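Worksheet for the structure shown next.
The chains referred to below are lettered A, B, ... by the order of the sequence lines, with proteins before strands, and numbering in each begins at 1. Note that the coordinates shown come from a computational prediction; the quantities given were computed from them, not determined experimentally.
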There are 2 protein chains.
Amino acid sequence: MPGRNGKGPPWWHGKFRSCGYRLTIPREMILDVLNKAAKHLSAEEIYLAVQKVYSAIGLTTIYRTLELLVQMGLVFKFDFGDKRSRYELADGPKGIRHHYHLVCTGCGRVIDYTDFIDEAKELLLQTQKGLTKKYNFKITNHLIQFYGLCEKCQK
Amino acid sequence: MPGRNGKGPPWWHGKFRSCGYRLTIPREMILDVLNKAAKHLSAEEIYLAVQKVYSAIGLTTIYRTLELLVQMGLVFKFDFGDKRSRYELADGPKGIRHHYHLVCTGCGRVIDYTDFIDEAKELLLQTQKGLTKKYNFKITNHLIQFYGLCEKCQK
DNA sequence: ATTGGGAATGAAAACCATTACCATTAGGAG
DNA sequence: CTCCTAATGGTAATGGTTTTCATTCCCAAT
């Protein structure tokens, strides 16, 4: 289960080692599934996907691993209002391809978008800096989501 | 259970009527608790608070009413990562005192902040406009949250 | 290679916030 | 005041996520 392009060891190997965590089959499988999917999956979806290739996998391991990955910063966890969490690869060391979500409150559909003006990014950074100083709060991450009605649900 | 200042009928009465919903004791109690608390409460906290004054209240009603209020736009629903939802009064017709949250991933503490609102508002509006046009998505609401470590948890 | 021991796993049971069900109660228009 | 229907509340069910615990496996030290 190679990295993004099939060449070289996946970029996450180093991170695992340096954190003192073991690199196991299930963990690689889960990362691989997330890597290939490249969109938000639920724990169960990941479970089923891994199961196709590694039938011995247990749901428990899925949850445990995902929690670990989130805590390591390799994976983001989202809540779109239906009541299952969604998980998404944080896109590597260089790929700071942060993207955001439009959530339809009608049908639950989620649209990813990356068109976020550069000014906005700048502002976000400044805000972050300001808040860090004022509240002595070390910000590691942020969440931005828009809610509304998609094309179909407006009618 | 009077309005914000004890004079005049609470500002939400009109909204209820115009939506065709009945104005009942439990609903007023719940709004009253949210109004007095003025910070994010869980369903159970609201339940216990209402119970002190109106012991016949049922948890089911709490949930049902909160859902209604959220859907009416009178109340916002948040998820801070512990696994219960939090509810907060949307601050009336004039009080556009929008605020955002800093969530500590260490201890779960939540800090409200109102700084940088005006700058953010402008960009938010532009972003919103762009997204609406591009995806034909009618945005009704948004969520911004910062995650990190609070003062205590950094040590 | 082998091994020892702590980390990781998986099956099943427990958890627990939220919902569904349904018989009963009460708002408010006429 | 009455009636109709929305609203309520107790209880049981739901279902995603966690906990428990015996077993297995990674891997550093032999």
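- Each of C/dT9, D/dG10, C/dA11 was ranked by its minimum atom distance to the side chain of B/Thr60; first place goes to D/dG10.
- Distances shown here put every side-chain N or O of B/Arg22 at or beyond 4.0 Å from the OP1 or OP2 atom of D/dT5.
- OP1 or OP2 of C/dG10 has at least one side-chain nitrogen or oxygen of A/Thr61 nearer than 4.0 Å.
- Defining each end axis of the helix from C/dA1-D/dT30 to C/dG30-D/dC1 as the rotation carrying four pairs' C1' atoms onto the next four, with five pairs an end, the two axes are found to diverge by 40° to 10 degrees.
- In this entry the distance linking OH of A/Tyr47 with P of C/dT9 reads 14 Å, nearest Å.
- In this structure, the nucleotide among C/dG10, C/dA20, C/dT9 sitting nearest to the side chain of A/Ile57 is C/dG10.
- Which of C/dG10, C/dG28, D/dC26 sits closest to the side chain of A/Arg64 comes down to C/dG10.
- Using a 4.0 Å heavy-atom cutoff across all strands shown, A/Tyr54 reaches sugar-phosphate atoms only and no base atom.
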Letter per nucleotide, 5' to 3', of nucleotides 12-17 of chain D [B base touched, S only sugar-phosphate touched, - untouched; heavy atoms, 4.0 Å]: ----SS
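- Of all nucleotides listed (D/dC26, C/dT9, D/dG9), D/dC26 comes nearest to the side chain of A/Ile25.
- Nearer the 5' end of DNA chain C, as judged by each residue's closest nucleotide, is the contact made by A/Arg27, out of A/Arg27 and B/Tyr21.
- Looking at heavy atoms from C-beta onward, A/Phe146 lies out of side-chain contact with B/Asn141 at the 4.5 angstrom threshold.
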